[in-house]
Structures are given as C-alpha cells and as structure tokens.
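Because the structure is a prediction, the values reported are computed rather than measured. In what follows, every chain begins at residue 1, and chains take the letters A, B, ... in the order their sequences are listed.
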Amino acid sequence: MKKKPKNSTAAVAGTITKPKKRTRNVCEPKPKPEPGFTTEDIEDFQFREDEVGEIRASLLKWYDVNKRDLPWRRINDGDATDDGERDRKAYAVWVSEIMLQQTRVQTVINYFNRWMEKWPSVHHLAQASIEEVNEMWAGLGYYRRARFLLEGAKMIVEEGGRFPKSVNDLRKVRGIGEYTAGAIASIAFNEAVPVVDGNVVRVIARLKTISANPKDTATVKNIWRLAGQLVDVHRPGDFNQALMELGATLCTPLSPSCSSCPVSAQCSALSDSKHNPSMLVTDYPTKVAKVRQRHDFSAISVVEILEGEEDASKFLLVKRPEEGLLAGLWEFPSVSMNGEADVVTRRQAIDDFLKSSFGLSSSNVIEREEVGEYVHIFTHIRLKMYIELLVLRSRDVHRKEEKAVTSYKYVDTKTLASMGLSTGVRKAYNMVQKFKQTRSNLISR
DNA sequence: AACGCGGGGCA
DNA sequence: TGCCCAGCGTT
C-alpha cells in the first residue's frame, strides 16, 4: 500500500481553505474518465473556489423554487425575531430530525404532526411519560430515539429550559449526534456548520467520483470536510436542507434525474458517464458488502384471561429488557426457539415459561389454538413468529407462584388497542383478532 | 472501529 | 427480494 503523509487539516465548519498545490490535482479537468478516487486520494481533495460559488448559487436557487412543503419547514421558515421563537423552531427541527433518522419523509409527516400537537414545546415534552412517548412513536422503529427525545427534553428543561444554540452544546444532549447538532444549529440558529447524512454522502460522492468505501471513517470524515467547504455562510440551514433535498428527490440512489439537476455541470460522475457509457452515476457511492441476516424463531402465546364476560377478558403482557432489541417495550409472552419447532415443542416451552414466571398453569386451559405464523423482518434479523391463542380461567391463576423476575401486567382490549406496541407485536395481536372473528362467523352460520 | 438498533417503500 | 433511508450510543 502506498504511503502518503496524513492530511492534518481538520474540517472547519463554514470556512473555505485555500487550495493547496499538489502533484496530482484531482480538480483539474481530466482528458479522459478516471475510475474514481480512493481513500488516500480524497485526503487531498477539495472544491475549487469557483466551484463552491456555483454549487451554492445553483443549489439555493433550485431549493427556493423546488423545496417540498413539509410540516417542520412551515415552523422553520422565516426569521425568528426573539429567543422564544428561535427555541420553538429548534424544538421542531429537533423532533423532525430525530424522526427522520433512518426513516423516510413520507412516513414521518403524520408522526410529526401528531407529536407536535400533543407536545408543542420542549417543556410539554419534558412532562410526558415514557408510556405516552412510546404510544406516539409506535411503528416508527428504533424506539431508543423516542426514549432519548424524552431524556433530552428533561435535560434541556433542567438546565433552564433554553435550547442549546451551538453544535458543541447541542452535542451534549441525549440522542443528539454530529448530524442532528449540525442540523439544529444551522437551521434554527444560523450557525454555518455542515451536515452529512446518507443523501449528502451520495451527492458528494457523485460530484467528486469518490470510490472509497462510504462507510469507512476516513471517507466519512473527508465528506464532512467537503460539506464544510460547501456550506453557505449566509444561509447555512437552507443550504444544508437543499443538499439533502437534492439527494432525496433528484440525486436518488437508483435512478437519478440528472437532466433536472441544478449542479449537473459540477458533477464528475455525470461527466464521466458521458465520456464512457460503461461508467454510471449510480456507481457512486460504491456499494458496501451487506452483513448476513440472522434467522430467529419465537413461539408467541397471546394469553387471554377470561373473567366472566368476553369483554372483561384481559391479556398478559411482558416487558422486554431495558437493553437490546425493542428495549423496554411490552410484548406477549414469548419463548425463543432454537430453529424450526413443532407445535408440541412450542407448547412445552410456553407452558414452562408461563408456569415459572407467572404461575399460570396449563391445566386451566379453556381453549388453545394455533393462530398462525408470521415472519417479521428487521434489518439484521429475520424473525419467524409462531402465534397461538391461549384462553385461561382467571380463578385458576395461581398468583402465589409468581416469580417477580419479569415485569408484566394484565391489560384489557381497550388498553391494548391504544398502547405503544412494536409492529411485530401489533401484527400478532391483529392475527389473533382476525382468527377470533373468522371463528365466530363460522359459529353463527 | 465495529456493532446493534425497526420499519417501510420501491424497483 | 434486495436496497436503503435527514444516525446515535456503546463497547
């Protein structure tokens, strides 16, 4: 491997470093297409000053005309006249940015509107309970984000209730990393700092034909440096949003609309593709080998306790551990299986779990039915759920034998309907409801 | 630096 | 089905 002196020039937000003389100036026009730039190459990389000017102007002009009408922008847009107003904007930016982490705009819109209606300010949010927060968040995924929002709101209120204004102070808030700090500081407080998300990585990788591994720390650092060079000092918030908006709407992963792109004239990937049809804009950023999905199996028992009338029945819920997958969320009793498992094995495992943890005896069964199977896909796990309905008589519940190892509770159908359940748990419950409905239709016929 | 963490939409 | 999305905290 070729050795190069480490470039110690750190990314300075909002400043433009002077172009340096290099033996190989990658910014020079190239007589013929080159394959792209490796990790070592981009250490020396920067935009020319005239390029910076053109990109800023074109992108902002495009953004002013084409930006999407999004609920958080309605709050952000326009200049704040006092600190209170700036804080309200910052709160809206914060909530939207956390929701938007790894989540598409279209999905977020409704969640954002409901959230802001329920908790219009950081002070309102700080008074909320984790149960309420989970309820509002249910279905969005990465539930840790919701917990951090609540913790962050409490931190801010405890510190006096004023929103942190700088990247440095914002970074201290729970759940606010480099990206979110940059977004809030630039959009709400006009600090000339860059942001780098998946969109910005893609746009810059294409502009500069960066073929280095986009997940590599050195690459990410250099993209931050390049984004810092680009960010418009006068309109940093708009510029950052424009860059991301471009990535979300035109410079998309699979089919970019280069003919409509405001910075197509500055795009090396597009220029290369015109010279050589075998080179594609979509070759950048380079693809990263994906990790293999784990296959998990779980027996799930929707335990219904009958207390006289059918309407008075209650369901057993168990709280998941405070760390790991779906941390702290409620679910139906479940037992992890070691691969595919037949109904006898599953029931045995469930019986053992119900007996040892909740003192529920399988001798009190009114009804036990196999409801079905459902495969729930996480990014890293393929979870096959075996779902059964188990109806028990309440008078036979041996509360005395309960071991308080697991936190659990019995809830009625109404509570269950409104609770913050993960999508997989909600799916299991819906399958049980549908099963019952089908069965009662058959009986009434 | 590597890893864990949800869910959905789209080609 | 595979891909990837307005990332962050922990180890």
Side-chain angles (χ1 to χ4, degrees), chain A residues 67-68 70-73 76 92-112 134 137-149 151-152 170-184 186-187 194-203 213-221 224 227 237 239-249 251-256 282 285-294 296 320-329 331 375-383 420-427:
Chain A
K67 68 175 171 186
R68 290 171 291 181
L70 302 172
W72 44 94
R73 286 194 179 145
N76 303 339
V93 178
W94 180 37
V95 172
S96 66
E97 292 297 345
I98 298 295
M99 287 184 173
L100 286 162
Q101 288 169 14
Q102 308 298 84
T103 310
R104 286 164 201 282
V105 167
Q106 207 49 47
T107 310
V108 166
I109 291 175
N110 288 334
Y111 282 91
F112 176 83
N134 281 336
W137 201 268
L140 259 189
Y142 284 116
Y143 296 87
R144 199 171 50 165
R145 296 181 295 173
R147 199 173 69 236
F148 288 166
L149 262 180
E151 289 176 23
L170 285 161
R171 283 290 275 109
K172 297 170 190 162
V173 177
R174 193 77 167 147
I176 296 187
E178 205 57 39
Y179 166 80
T180 308
I184 299 172
S186 64
I187 298 171
V195 296
V196 172
D197 68 341
N199 288 313
V200 175
V201 168
R202 188 169 56 254
V203 171
N213 181 348
K215 299 289 181 193
D216 191 76
T217 315
T219 312
V220 173
K221 211 174 144 190
W224 273 93
F239 181 85
N240 286 335
Q241 292 185 83
L243 204 54
M244 294 190 282
E245 188 90 343
L246 183 75
T249 60
C251 197
T252 56
L254 296 180
S255 55
T282 50
T286 54
K287 306 289 174 269
V288 179
K290 60 180 190 297
V291 288
R292 212 178 142 63
Q293 221 170 24
R294 196 174 83 206
D296 283 5
R320 292 181 62 88
E322 292 301 332
E323 290 182 354
L325 189 69
L326 303 168
L329 295 184
E331 65 178 4
V375 177
H376 188 70
I377 305 293
F378 299 97
T379 304
H380 53 306
I381 302 167
R382 182 185 183 279
L383 174 64
L421 301 176
S422 71
T423 299
V425 176
R426 179 66 65 196
K427 176 71 183 176

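- The shortest distance between side-chain heavy atoms of E97(A) and Y179(A) falls below 4.5 Å.
- W72(A) has its CH2 atom 10 Å from the P atom of dA6(C), to the nearest Å.
- For R202(A) (side chain) and G247(A) (main-chain N/O), a donor-acceptor pair under 3.5 Å exists by modelled atom type.
- In this structure, L325(A) atom CG and dT10(C) atom P are separated by 18 Å, rounded to whole Å.
- Remark: C1' of dC5(C) and OH of Y142(A) are 10 Å apart, rounded to the nearest angstrom.
- Across all strands shown, G324(A) has heavy atoms under 4.0 Å from sugar-phosphate atoms exclusively, and none from any base.
- Atom-to-atom, CG of L149(A) to C1' of dG7(C) comes out at 13 Å; the value is rounded to the nearest Å.
- Counting only distance, with no hydrogens or angles, the side chain of R382(A) and the backbone of Q293(A) share no donor-acceptor pair below 3.5 Å.
- Both S255(A) and K215(A) lie close to DNA chain B; mapped to their nearest nucleotides by heavy-atom distance, the more 5′-ward contact belongs to K215(A).
- Among the heavy atoms of the strands, none lies under 4.0 Å from R320(A).
- For the P atom pair drawn from dA6(C) and dA11(B), the interatomic distance equals 15 Å after rounding to whole Å.
- Across dA6(C), dC5(C), dG9(C), the shortest atom-to-atom separation from the side chain of R171(A) is found for dG9(C).
- A straight line from CZ of F112(A) to P of dA6(C) spans 16 Å, rounded to a whole angstrom.
- Using a 4.0 Å heavy-atom cutoff across all strands shown, I98(A) reaches no nucleic acid atom at all.
- If you check every strand for non-hydrogen atoms under 4.0 Å, E245(A) touches a base.
- Separation of the P atoms belonging to dT11(C) and dG6(B) is 16 Å when rounded to the nearest angstrom.
- Sequence order on DNA chain B of the closest nucleotides to L254(A) and R294(A) puts R294(A) first from the 5' end.
- Protein chain A contacts DNA chain B over a range whose 5' and 3' limits, counting nucleotides with an atom under 4.0 angstrom from a non-hydrogen atom, are dA1(B) to dG9(B).
- Using a 4.0 Å heavy-atom distance criterion, R68(A) is classed as a base contact.
- T252(A) places no side-chain N or O within 3.5 Å of a backbone atom of T249(A) that could act as its donor or acceptor partner.
- Other residues, nucleotides and ligands contribute more than 12 heavy atoms inside 6.0 Å of the NZ atom of K287(A).
- Remark: E245(A) does not engage K67(A) in a salt bridge, criterion side-chain N to carboxylate O under 4.0 Å.
- Along DNA chain C, the nucleotide nearest M244(A) and the nucleotide nearest I176(A) are compared for position; the residue whose nucleotide lies closer to the 5' end is M244(A).
- Regarding Y179(A), its OH atom lies at a distance of 12 Å from the P atom of dC5(C), rounded to whole Å.
- Between the side chain of R145(A) and the base of dC8(C) there is no donor-acceptor pair of N/O atoms closer than 3.5 Å.
- Of the possible donor and acceptor atoms, one in the side chain of T219(A) sits under 3.5 Å from a partner among the backbone N and O of N213(A).
- Of the candidates dT10(C), dC8(C), dA6(C), dC8(C) carries the atom nearest the T180(A) side chain, counting heavy atoms from C-beta on.
- At the phosphate of dG7(C), OP1 or OP2 sits under 4.0 Å from a side-chain N or O atom of Q102(A).
- The distance between atom CH2 of W94(A) and atom C1' of dC8(C), rounded to the nearest whole Å, is 14 Å.
- Residue contacts for S422(A): at a heavy-atom cut-off of 4.0 Å it reaches the sugar-phosphate backbone alone, with no base atom in range.
- Residue contacts for T217(A): at a heavy-atom cut-off of 4.0 Å it reaches the sugar-phosphate backbone alone, with no base atom in range.
- When rounded to the nearest whole Å, the span between CG of N240(A) and C1' of dA6(C) equals 11 Å.
- Nucleotides dC4(C) and dC5(B) place their C1' atoms 15 Å apart, quoted to the nearest Å.
- When heavy atoms are screened at a 4.0 angstrom cut-off, T379(A) is found touching base atoms of the nucleic acid.
- No more than 12 heavy-atom neighbours from other residues, nucleotides or ligands sit within 6.0 angstrom of CD on E323(A).
- Neither side chain, R320(A) nor S422(A), offers a donor N or O lying under 3.5 Å from an acceptor on the other.
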